[in-house]
Amino acid sequence: MKFEKIQAPKGVREYLPPESRSFEWVREQLIAPAKDAGYQLIELPVFEDTNLFTRGVGESTDVVSKEMYTFEDRGGRSITLRPEGTAGVMRAVIEANLDRGQLPVKVWYSGQFFRAERPQAGRYRQFYQVGIEAIGIDDPALDAEVIAIADRGFKNLGLRNYRLEITSLGDSQSRAAHRADLMKFIATLDLDEATALRAEINPLRLFDDKRPQMQEAMKSAPRLLDYLSTDSAANFESVQKYLTVMGIAFTINPRMVRGLDYYTGTTFEFIHPDLGAQSGIGGGGRYDGLMQTLGGQALSGIGFGLGVDRALLAAIAESSVPLDAFTSDLFIIPLGERAKQEALVIASNLRSNGIRTEIAFGDRALKGSMKAADKSGSAYVIVIGDSELDLGVIELKRMSDGVTSSVKIEQLQQRLGEVLSL
RNA sequence: GUGGGCGUAGCUCAGCUGGUAGAGCACUCGGUUGUGGUCCGAGAUGUCGCGGGUUCGAGCCCCGUCGUUCACCCCA
């Protein structure tokens with residue numbers, strides 16, 4: 001009787017051993033700079049009240065209008081798997097009154113996010129992000145620090161081939177003035193139906209159109225950067241100055257378009273050119289109105305989200321993933337029932353002393369177990385059989401060159417500590 | 001949601017103008033008693049994604065379907 005196999009849901013990316021090791025490494029590298037800068041972990045649910053995203057991220061965005069995993073729970077509530085991280089953090093901060101204490105609130109998170117898109121290279125329906133949010137202080141130095149933390153993460157991965165693009169979306173007055181002129185300009189263009197619809201939803205989108213003729217047409221379009229208020233312009237200048245003194249390279253991209261509605265002021269993206277069509281490895285920006293929109297105080301915040309899956313692809317593309325294969329310190333091969341018991345006891349003791357120990361299971365031939373030991377990458381191997389148990393002495397074999405030495409079983413831990421220089 | 005490519009052993013793939021499946025790697029066992037990596041020998045594994053159709057005959061042709069992949073849209 002054979003059952004049908006069940007497959008993973010469409011569009012999910014899984015990390016199985018041994019590649020999972022690389023994924024784990026990438027995530028650690030991206031998180032480390034945030035921890036070093038005093039950000040603390042915030043662990044949130046992967047599902048939220050649907051209203052959090054429709055209101056926070058914006059009803060008109062593609063993310064909300066056509067990419068959310070939304071369902072009704074058993075109590076008839078509309079629930080959505082989180083498509084991004086910032087809205088949830090703001091909800092939690094407001095709910096727990098974290099913004100009533102020392103500001104800025106500085107938190108980092110790591111986890112999976114969900115968007116019901118058609119999968120392609122670097123784009124999955126479940127994807128992993130590492131992010132930070134700094135809430136409650138509006139200071140261009142903080143903007144620069146947030147960008148620097150993201151940049152440090154990518155540098156930790158050994159990436160060299162990415163670029164940082166920044167712009168400012170200004171305050172609401174700046175944007176309103178620009179939008180009016182941009183609409184007038186767009187009205188002069190001859191657009192196909194789909195494009196006209198996109199322009200209606202968000203005129204800035206046309207700056208992002210990949211068709212050469214559209215890029216050409218948009219060259220003379222009014223640019224938001226030229227509409228910044230005096231304050232916004234000065235703020236943006238400061239951010240650039242701070243980035244420069246930190247030695248962080250960036251380019252200004254006045255045509256940058258972000259997919260989430262809440263961004264204001266400083267906005268940035270990290271782009272890697274070797275990933276195919278989905279080249280963004282991270283992005284973020286300041287959001288002035290989000291907290292208030294979600295029922296909290298009128299406090300500004302800034303944060304980013306970095307794509308762990310894409311960062312791994314980038315690290316692979318640049319061959320910067322370290323090749324430290326998974327290894328153990330000791331591999332124990334027991335021969336016989338008595339030896340099995342002893343192996344379990346020895347392994348347990350060694351592990352509690354920080355010595356990574358594996359055991360050969362199953363009653364196969366010694367040669368097969370030695371092969372398994374070899375594959376495990378263990379530095380040392382011992383074989384325990386009746387004679388070892390009777391004598392209380394085992395041969396400790398160094399796998400790199402096959403050299404063995406006799407050790408009393410009770411002195412095994414001490415000897416391993418010496419040879420492994422722990 | 002739209003379009004293109006692909007779908008043969010665990011993995012990577014081969015299979016000529018249609019004649020009832022192969023390689024390499026991996027895996028298991030062995031090369032006389034309890035010691036890996038190299039070498040040698042042996043072995044197991046496929047409803048050729050699935051369902052129809054054309055044909056004396058289909059892995060190969062046609063249609064559908066599912067999956068996958070790349071791109072558009074959008075984004076991490």
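Here the structure is a predicted model, which is why all the values come from computation and not from measurement. Proteins come first, then strands; the chains are lettered A, B, ... in the order of their sequence lines, and each starts at number 1.
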Just the rounded figure in Å: distance from [atom2] of [N] to [atom1] of [X].
X: A:Glu117; N: B:C72; atom1: CD; atom2: P; value: 12 Å
X: A:Gln278; N: B:U69; atom1: CD; atom2: C1'; value: 13 Å
X: A:Phe304; N: B:C75; atom1: CZ; atom2: P; value: 20 Å
X: A:Leu206; N: B:C74; atom1: CG; atom2: P; value: 9 Å
X: A:Glu165; N: B:C75; atom1: CD; atom2: C1'; value: 14 Å
X: A:Ile201; N: B:C75; atom1: CD1; atom2: P; value: 11 Å
X: A:Phe23; N: B:A76; atom1: CZ; atom2: C1'; value: 12 Å
X: A:Met256; N: B:C75; atom1: CE; atom2: P; value: 12 Å

Counting the atoms with a prime plus P, OP1 and OP2 as sugar-phosphate, which does [X] contact under 4.0 Å by heavy atoms, base, sugar-phosphate, or nothing?
X: A:Thr61; answer: nothing
X: A:Gln129; answer: sugar-phosphate
X: A:Gly131; answer: nothing
X: A:Ala121; answer: sugar-phosphate
X: A:Ser400; answer: base
X: A:Asn202; answer: nothing
X: A:Glu395; answer: nothing
X: A:Leu366; answer: base
X: A:Glu67; answer: sugar-phosphate
X: A:Glu388; answer: base

### Query
Is a side-chain donor-acceptor pair under 3.5 Å present for A:Asp171 with A:Thr264?
no
### Query
Judged by modelled atom types alone, do A:Arg286 and A:Ser168 share a side-chain donor-acceptor pair under 3.5 Å?
no
Sticking with atom [atom1], work out how far [N] lies from [M], rounded to a whole angstrom.
N: B:U68; M: B:A26; atom1: C1'; value: 23 Å
N: B:U12; M: B:G46; atom1: C1'; value: 16 Å
N: B:A9; M: B:G22; atom1: P; value: 14 Å
N: B:U8; M: B:G1; atom1: P; value: 25 Å
N: B:G30; M: B:U69; atom1: C1'; value: 43 Å
N: B:G59; M: B:C13; atom1: C1'; value: 14 Å
N: B:G43; M: B:G37; atom1: C1'; value: 22 Å
N: B:G67; M: B:G51; atom1: C1'; value: 14 Å

### Message
Using 0.5 Å steps for rounding, measure from the CE atom of A:Met68 to the CD1 atom of A:Ile79.
### Response
11.5 Å
### Query
Rounded to the nearest 0.5 Å, how far apart are OG1 of A:Thr293 and OH of A:Tyr262?
12.0 Å
Check this for me: does the side-chain of [X] come within 3.5 Å of the base of [N] through a donor and an acceptor?
X: A:Asp374; N: B:G36; value: yes
X: A:Ser369; N: B:G36; value: no
X: A:Gln120; N: B:C73; value: yes
X: A:Arg118; N: B:U2; value: yes
X: A:Glu269; N: B:A76; value: no
X: A:Arg258; N: B:C74; value: no
X: A:Lys375; N: B:G37; value: no
X: A:Lys367; N: B:G37; value: no

Does the side chain of [X] get closer than 4.0 angstrom to OP1 or OP2 of [N] through an N or O atom?
X: A:Arg123; N: B:C73; answer: no
X: A:Lys66; N: B:G1; answer: no
X: A:Arg205; N: B:C75; answer: yes

### Message
Return whichever of A:Pro119 or A:Lys371 has its heavy-atom-nearest nucleotide of RNA chain B closer to the 5' end.
### Response
A:Lys371
### Task
Could you say whether A:Ala8 or A:Val257 is positioned toward the 5' end of RNA chain B, judged by the nucleotide with the nearest heavy atom to each?
A:Ala8
### Query
Is the backbone of A:Phe113 close enough, under 3.5 Å, to the side chain of A:Arg82 for a donor and an acceptor to pair up by distance?
no
### Message
Can you tell me how the ring of A:Tyr15 sits relative to the ring of A:Phe23, calling it parallel under 30°, perpendicular over 60° and tilted otherwise?
### Response
parallel
Nearest listed nucleotide, side chain of [X], among [options]:
X: A:Lys397; options: B:G36, B:G34, B:U28; answer: B:G36
X: A:Arg310; options: B:G37, B:C75, B:U35; answer: B:C75
X: A:Asp62; options: B:G36, B:A76, B:C74; answer: B:C74

### Query
For A:His178 and A:Tyr227, what are the C-alpha separation, side-chain angles and deciding distance, and is it a ring-ring contact (aromatic ring centres under 6.0 Å, His included)?
CA-CA 6 Å; A:His178 170 254; A:Tyr227 287 75; 5.2 Å; yes
Pairing nucleotide - [N], Watson-Crick or G-U, each distance under 3.5 Å:
N: B:G22; result: B:C13
N: B:A44; result: none
N: B:U55; result: none
N: B:G34; result: none
N: B:C75; result: none
N: B:C6; result: B:G67

### Query
Does B:A76 have A:Tyr128 stacked on its base, where the ring centres are within less than 5.5 Å and the planes differ by under 30°?
no
### Side-chain heavy-atom pair A:Glu133, A:Phe304 within 4.5 angstrom cut-off
no
### salt_bridge(A:Arg198, A:Asp62) N-O dist < 4.0 Å
no
### Query
So does A:Arg160 pair up with A:Glu318, basic N to acidic O under 4.0 Å?
no
